[in-house]
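Structure record follows, encoded as structure tokens.
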Amino acid sequence: ETGVTQTPRHLVMGMTNKKSLKCEQHLGHNAMYWYKQSAKKPLELMFVYSLEERVENNSVPSRFSPECPNSSHLFLHLHTLQPEDSALYLCASSQNREQFFGPGTRLTVL
Amino acid sequence: RKEVEQDPGPFNVPEGATVAFNCTYSNSASQSFFWYRQDCRKEPKLLMSVYSSGNEDGRFTAQLNRASQYISLLIRDSKLSDSATYLCVVNSVGGFKTIFGAGTRLFVKA
């Protein structure tokens, strides 16, 4: 089983709601990632944190706000999302090379 | 041109067949290469890293050709459980900019 957990596993929210996705890694890794996977599209890298500093931000709209309080936890704060933001949001962690993924949060925006 | 391109698929093969997937990447400065598999509605899981010298893990063989910017995955003696989407993954220098291919779907039939 993966050492990366994500909560919630499923989330339905309205466009005016504020919610947060949580990721926790138990592998002692030094980097954490957020990805978005929409239907029939490749995984899109959203944010990368290395040693709790953001090192990559791939032109993601400001309605997505990441937070990395320590090397084991990563959050994605969501506000005023659009229906096209409905997707599977995957968290991953790594120690220099291979990334290990959590099970994802399936998000539906109504 | 996409940064990482894979065979379009789907591949439909009988059990016991040998199947090969190809992947090309556009950034010649890319440093790390991987194959992941993703089952329906699940997270991607690392299948194997890819090295210039080629590497093998049981029925799976991966090859990297840096001059042609080409990666391949060979699966021998296909099993029903090999049915999945295979993702080609390329990391840039520094390792944090990760690009996923769109994936190739494999169906292995009895």
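From a predicted model like this one, the values you see are computed outputs, not experimental measurements. Naming convention: chains lettered A, B, ... in sequence-line order (proteins, then strands); numbering from 1 in each chain. Below, all heavy atoms of this structure are taken into account, side chains as well, without hydrogens, waters or symmetry copies.
- Counting heavy atoms from C-beta outward, A/Leu45 and B/Phe100 have side chains that stay 4.5 Å or more apart.
- Side-chain polar atoms of A/Gln37 and B/Gln38 form a donor-acceptor pair below 3.5 angstrom.
- Contact detail for B/Gly101 and A/Pro42: the closest heavy-atom pair is O-CB, 3.8 Å.
- There is no path of hydrophobic side-chain contacts, each under 4.5 Å, that joins B/Val4 to B/Val89.
- At a threshold of 4.5 Å between side-chain heavy atoms, the hydrophobic network of Ile, Leu, Val, Met, Phe, Trp and Tyr places B/Tyr36 and A/Leu88 in one connected group.
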Test side-chain contact (heavy atoms from CB on, under 4.5 Å) on A/Glu98 and B/Phe34 and set out the steps. CA-CA 8 Å; A/Glu98 297 90 352; B/Phe34 310 91; 3.5 Å; yes
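- The number of heavy atoms from other shown groups lying within 6.0 Å of CD (A/Glu53) does not exceed 12.
- Inter-residue side-chain proximity for B/Glu43 and A/Gln6 is flagged as unmet; no heavy-atom pair is nearer than 4.5 Å.
- Taking hydrophobic clusters as Ile, Leu, Val, Met, Phe, Trp and Tyr residues chained together by side-chain heavy-atom distances below 4.5 Å, B/Val90 does not share a cluster with A/Tyr35.
- Here the CG atom belonging to B/Asn91 is positioned 8.0 Å from the OG atom belonging to A/Ser94, to the nearest 0.5 angstrom.
- Transitive grouping of hydrophobic side chains (ILVMFWY, heavy atoms separated by less than 4.5 Å) keeps A/Leu90 and A/Leu107 in distinct clusters.
- From B/Thr98, atom OG1 reaches atom CD of A/Gln99 across 4.0 Å, with rounding to the nearest 0.5 Å.
- Partners of B/Arg105 under the side-chain hydrogen bond (donor to acceptor under 3.5 Å, both in side chains) rule, at least two apart in sequence or in another chain, do not exist in this structure.
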Quiz: residues 12-20 of chain A side-chain donor-acceptor pairs under 3.5 angstrom, not counting sequence neighbours:
residue : atom : partner : partner atom : Å
A/Asn17 : OD1  : A/Gly14 : N            : 2.8
A/Ser20 : OG   : A/His77 : ND1          : 2.6

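- With a 4.5 angstrom heavy-atom cutoff, A/Leu43 touches chain B via backbone and side-chain atoms both.
- Within residues 62-71 of chain B, no residue has any heavy atom under 4.5 Å from a heavy atom of chain A.
- In the hydrophobic clustering of this structure, A/Phe75 does not group with A/Leu51; members are Ile, Leu, Val, Met, Phe, Trp, Tyr whose side-chain heavy atoms approach within less than 4.5 Å, directly or through other members.
- Residues passing the salt bridge (Lys or Arg N to Asp or Glu O under 4.0 Å) test with A/Arg63, sequence neighbours excluded: A/Asp85.
- Remark: B/Gln31 CD to A/Arg97 CZ distance equals 9.5 Å, nearest 0.5 Å.
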